[in-house]
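So that the names make sense, note that chain A is the first sequence line, chain B the second, and so on, each numbered from 1. Because only heavy atoms are used, hydrogens play no part in the values below, and waters and symmetry mates are left out as well, while side chains stay in.
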Amino acid sequence: MPLDLSRYLSLFVAEAGDHLDGFSRGLVALEQLVRDGAPPHQVKPQVDALFRHAHSVKGMSASMQLGGVAGLAHRAEDLVDLYRAEPSRVEAAGIDLLLAAGDALAELVDLASRGEPAEPDLALVVRLSDAVRRVKDGRDLATGELTVRSGAEPTVRADPPSPVRAERSAGTAGAESRHAPPGGAPLDSPSGAGPVVIEAEQPAETETATPYSTPTPTATPTPRPPTDPPAPRPPTPTPASTETPAPVPPPPAPDPAGLAGASPRRRVLVEVEVAAACPVPAVRAFLVVKKLGALGLVARTAPSVDELKAGRLPGRRLSVHLDTSEPLDRLTRALAQISDLGHVALREADEAPAPPVAPPAATSPTGAPPAEPSRTVRVRTEILDGFVDAVGELLLATARIREVGRALPEVHRPPLDEGVDRLHAIVKDLHDKVMAVRMTPLATVTERLPRAARDVARRLGRQVEVEIRGAEIELDRAILEELADPLLHVLRNAVDHGIEAPHLRLLAGKPATGHITVTARRDRDRVVLEIADDGKGMSAGRLREAAVARGALGAAQAAALTDKEALLLACLPGVSTAEQVTDVSGRGVGLDAVKRTVEAVGGTVELESAPGVGTRLVLRLPLTVAVQPVLLVGVGDEILGLPISKVHGAAHVAFASLDRSRGAPILPYDGELVPVHDLAALLGFPSDGRDDRAVVVAEGADGRIGLVVDALLGQQEAVLKPLGSPLSGVAGLSAVTVLGTGRPVFILDVPRLLAA
Amino acid sequence: MAKRVLIVDDAIFMRNMIKDIFAGSGFEVVGEAANGLEAVEKYKELKPDLTTMDIVMPFKSGIEATREIIKHDGRAVVVMCSALGQESLVMEAIEAGASDFIVKPFKSEDVLSVVKKVLGDA
């Protein structure tokens, strides 16, 4: 019964995506480690993790029958595997290639998620295969030049450029990549246009002095064709790292069948043929040897165990000389448990058996166990959002009950209030827990940053290092999702316009490599996120000029700004001091978008900079967006909400008595002159026209503004719900909430109010 | 009685797939593990008749887990489930005591035939 693969698609996409994210991040981290000359014990876990990611993606996509995806992942895995064997081979060109492969794989997975054909770019596959061959040959990836390394003699190959081994037909598909000859693009190589080299070496039949199952040095020199690459491991036999060497002959193991003496020990010749359908015949043959080894002493195999381990089983045929006292039918039964055996023949040989030496019991060194992994459950984000919505509704419903209770006669109210209080406490607790589930470490967005910075830096010929601190700090997932792109933009900006070219940095007395620090910390109910670079900084003066030139504000207004305020001019649309707005970024092209996004989630943006020293962007973000304190105001018959994060204060004024500048009323507030707007007029509501009204001073798009309202109704925790279509398109509105009375209240988007 | 199976793979979707293959074929999936550490723990707890074991996993590889399981219970039947291309790892797993192996991608009938054979039911 064929499996319905579509059932697994969404999990596949999610899990493969996680692996590919890890793959890209790991590559950048690896490059950094290698550049810093990190010791092997730091490099190895990183390469191992990369291998795991690539291998998992390959296995997953193969299981989803996405052959093209699996093929590309396979090439990436092969290259990583070479790095695993010899981390000193890691170089920028290889990392570039693997990053490109990771990106391509992510795209393919995305295509697959939409049910579209996912076939990799063949050029990329070929480049990876070439890279694998070059790394094996000891050639530098970037230049193609031969690099000589101690301990590994480079081999100059006279082979055709793109040989493909017909591994399946040669019965060597099991070749581990480092045993495979150079250019051994396995199986389904798309570079199959090249000449096919079929290995036709004779199987080496060797008498093994010890049973195969004693710890076998994996680096035992094996007969190799002359074209083989130098063995990546030292030629001196070392015990396989995973097994304990047996310095003394091991004690005889108990007879596996408890039949000691039941039958005289004699030599049995076992011949098996591995079924053609088996993709890895050498492994299958190895399993046969192992199985027989449990029933006697394997005296000789053809091909030898080393050949099998190198993936070679010519003709898919294996013969084993076994010294055993087991009856033939027991051997037959044991072999019957092994799949994929086409033909099995057993006969007693004439040769005398070797003196019995039982295989040693397998021992394993037990290292310190790694940390217990945390147990987690993957929950679809829609379900999580559903919880938040439901809890929000519960909060509102509770408030509604409380409101209705006010209408009850006094005698009935205490028990009801008690019940409602209890309900409210439970719902509040539930709300906190649900919000805690939504909290996601900042790492989910910051971990992409080093990679992105590296890409930009390489493209521009800069050197940059990104340091991330406080990535464990948690924020509402909804905020993080909004933040991902702006952060990326700010970072690219920092590399493109902040960090100078290496020679300029050296001239300025700074290290050639620029440093960008992304720091997060908790500050009461906010998260402060700083992105600081040690680049050339921004000039307040030039920003003033640029803003005036763009007509964003008058020369006098610009001059009146403090330097700190002037820097924020970079956030105005179209204001940039970049000599050239590159394809990467231009400060000002997009900083306005960053500011808008941050403010939309209830955050604020500050910019600090000193020419020659660097730039620091400070984002202050709320922990969560779903519940925000709002100031309720009355305008005519309407009630509206203003996010407290945007409100500076309020004052009662006689509207008519306000000074006017160019026809608009001006309110002196906190040492500033704040332009005042009538909210009713802005929104087109009728106003009662009283003269004694309240002014709320709030943060507008270009500084503070005063909003005239009819009444201040107090502050309230509001469960904000995003606006659905068509209201989501209305400028000046950001969300809606529902009061305890059941009355819906719109939350104003203050910065965009005036633009509306 | 239905043979009891423990499924070890770090990908949930692979576990689901393998689980679906066993479901309705006379097997009872009694547990799942997402890495080698969990695998050893669950094996000791559940004593399954059969364990399917991914090789490349975080925290502890399927090879190490197999070695520990075999050390704990010499009669354990562990079938490796590995993607094509790292055959040396499968060999290592066999050395560690695995009873058989299945190469990803696999068809459900192949999986069932391998495990039935290895359990001696074929």
Side-chain angles (χ1 to χ4, degrees), chain A residues 1-3 5 7-8 11-12 14-16 49 51-52 55-56 58-60 62-65 70 74 77-78 81 173-179 186-187 213 240 242-243 278-280 282-284 286-287 290-291 308-309 311 333 336-340 362-364 366 369-373 378, chain B residues 9-14 16-17 20-21 24-25 34-38 54-61 63-64 67-68 70-71 74 81-92 94-110 113-120 122:
Chain A
M1 157 202 67
L3 285 171
L5 290 174
R7 292 168 53 195
Y8 310 107
L11 265 179
F12 162 75
E15 296 191 284
F51 175 78
R52 216 164 47 227
H55 183 81
S56 295
K58 180 186 69 176
M60 288 177 174
S63 298
M64 288 301 288
Q65 291 177 11
H74 195 152
E77 177 193 6
D78 281 349
D81 200 26
E176 180 190 0
S177 52
R178 63 172 164 266
H179 290 294
L187 304 179
S213 52
T242 47
E243 288 190 43
C278 178
V280 285
V283 186
R284 194 44 82 194
F286 183 76
L287 183 64
K290 167 79 185 175
K291 201 102 183 179
L308 293 179
K309 283 190 177 174
R333 271 208 313 279
Q337 288 187 297
I338 301 179
S339 304
D340 276 349
T363 52
S364 70
T366 36
E372 179 77 15
R378 192 186 280 273
Chain B
D9 200 299
D10 63 338
I12 301 171
F13 106 87
M14 286 301 315
N16 286 357
M17 198 181 261
D20 291 349
I21 289 173
S25 300
N35 57 61
L37 280 180
E38 274 184 33
D54 188 16
I55 295 185
V56 180
M57 291 185 295
F59 303 114
K60 180 175 282 181
S61 78
I63 294 170
E64 289 170 78
R67 194 173 286 126
E68 282 182 35
I70 296 294
K71 194 179 165 194
C81 287
S82 164
L84 201 65
Q86 290 301 327
E87 284 68 27
S88 65
L89 295 179
V90 184
M91 301 246 191
E92 222 184 295
I94 292 169
E95 284 201 288
S99 297
D100 209 320
F101 62 90
I102 307 165
V103 177
K104 293 176 195 172
F106 39 67
K107 294 198 197 88
S108 47
E109 53 268 32
D110 295 345
S113 126
V114 166
V115 302
K116 280 180 180 162
K117 252 190 161 167
V118 82
L119 289 171

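Note: B/I12 leads B/V103, B/I12, B/D9 in heavy-atom pairs under 4.5 Å with chain A. Options A/A70, A/A62, A/G59 differ in how many heavy-atom pairs under 4.5 Å they form with chain B, and the most are formed by A/A62. With chain B as partner, the option from A/E15, A/K58, A/Q65, A/E77 having the largest number of non-hydrogen pairs under 4.5 angstrom is A/E15.
Neither the backbone nor the side chain of A/R333 has a heavy atom closer than 4.5 Å to any heavy atom of chain B. Heavy-atom distances place both the backbone and the side chain of B/D10 under 4.5 Å from chain A. Proximity to chain A (any heavy atom under 4.5 Å) is shown, for B/A34, by neither the backbone nor the side chain.
Here A/M60 contributes atom CE and B/M17 contributes atom CE; the two are 10.5 Å apart, rounded to the nearest 0.5 Å. Atom CG of A/L308 is separated from atom CD1 of B/I94 by 10.0 Å, given to the nearest 0.5 angstrom. In this structure, NZ on B/K104 lies 13.0 Å from CE on A/M64, to the nearest 0.5 angstrom. For the atom pair A/S63 OG and B/M14 CE, the distance stands at 3.5 Å (nearest 0.5 Å). Distance check: A/S339 OG to B/I102 CD1 gives 8.0 Å after rounding to the nearest 0.5 Å. For the atom pair OG (B/S61) and CZ (A/R52), the distance works out to 9.5 Å, reported to the nearest 0.5 Å.
Ring geometry for A/F12 against B/F13 counts as perpendicular: the plane angle is over 60°, on a 0 to 90° scale with 30° as the lower cut.
Residues B/E95 and A/F286 form a side-chain contact, since some pair of their non-hydrogen atoms from C-beta on lies under 4.5 Å apart. You'll find the side chain of A/L11 reaches within 4.5 Å of the side chain of B/N16, heavy atoms only. The shortest side-chain heavy-atom distance between B/D100 and A/R284 falls under the 4.5 Å cut-off.
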